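If you're wondering where the values come from, they're calculated on a predicted model, not measured in any experiment.
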Amino acid sequence: MQGVKFVFAAACQTLVSVCVLVAGACASGSQIQLSPGAASSLALYQAEHLRILAAVESVVEGNRAFAGWAHARSAHGIAFFDFDHTLADTRTLTPVRTLAGARRLDDSKCGRLAPGEEADYSVYSRRALFDTQPIESALGALRRARARGDLVFVITARSDRHNYASILDYLALRDAEPDAVLPINHAHFGDRLWKRFNTSGSGDKKTLLMAALIEIAQTRGAELERIEYHEDTDHYAIGAMQLLPAAFPDLRYEFFDYIRRSSGAGFVYMQSRIGAREPGINALWRDPRGRELAIESYDSGDCPR
């Protein structure tokens, strides 16, 4: 683990204020405010990161396009991308079974599961995927990240075991192939991680996997300087904006949203820069105008809060 720049964080009793530990001692005056959910995720990563690292490495190395970690030694950045409604204009409706046993169809863009509900992601088939139109602004960002030598990972809520191969094919056809695709609801993650952990949703799972990928890259020799995250779902981005800088404060972060608007019979997507954060324990998130960004109140306006 020599050379890892991950710093563990110990949550205070309220699980709202996190004191970042540097070299085993709390830096004077350095506190990062986290929501209870983000603080719990950070504590979970601290306790279980070796288990999470092993599961993530297994899935990454199972990607047929993955060329090995040698690339990591020359990478100075990681670019993370969501897939549905970020890289692709997915229109498929998600079947959801309620706690009472009823069935409903959910907009895959704005749907959120209530406690006890179960979504059936098996409808996201290879055929439906290849009928989906790409979102060119996100594809362009992926190609630019690849061109500058960043590690590029697509992290998706899709669950079908064939999905990561299908997404690789879909992106390769568009000259935008990532280093690997990680379906967070892959059975391997379910068996080894999520059945053991009390994770409240897909956003928590995505952020844990991103933290693991940052740590793995550093252990493999990457001198990381920057992290990009491209994500259309506000609460996923909010959780990552809180947790990742608390775990890795010495990196620069820049996050992008993809805002959906109705246009005739379809939709258009606008790439929007949420904000950036410079390295440093006490650094603040800033919006594109340089003003302090109120993370928890961020709202792109394209889905009901």
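Ring pair H230/Y258 is tilted by interplanar angle, where 30° to 60° counts as tilted. Ring planes of Y170 and F83: perpendicular class, angle over 60° (limits at 30 and 60°). Aromatic ring orientation, H186 versus H188: perpendicular (interplanar angle above 60°, classes split at 30° and 60°).
Between R91 and D131, none of the side-chain N atoms (NZ, or NE/NH1/NH2) sits under 4.0 Å from a carboxylate O, so this pair counts as no salt bridge.
At least one side-chain heavy atom of D302 sits less than 4.5 Å from a side-chain heavy atom of K109. Put simply, the side chain of R273 reaches to within 4.5 Å of the side chain of E254, judged on heavy atoms.
Checking R277, R148, R146, R252 one by one against E228, the salt bridge (Lys or Arg N to Asp or Glu O under 4.0 Å) holds for a single residue, R148. Checked options T90, D84, T94; the residue passing with Y124 is T94 (criterion: side-chain hydrogen bond (donor to acceptor under 3.5 Å, both in side chains)).
A side-chain donor from one of Y269 and D89 sits under 3.5 Å from a side-chain acceptor of the other. A side-chain N or O of E215 and one of Y45 form a donor-acceptor pair less than 3.5 Å apart.
A cation-pi arrangement is absent between R64 and F66 under the rule of less than 6.0 angstrom and at most 45 degrees off the ring axis.
Checking side-chain atoms of T86 against main-chain N and O of D232 turns up a donor-acceptor pair under 3.5 Å.
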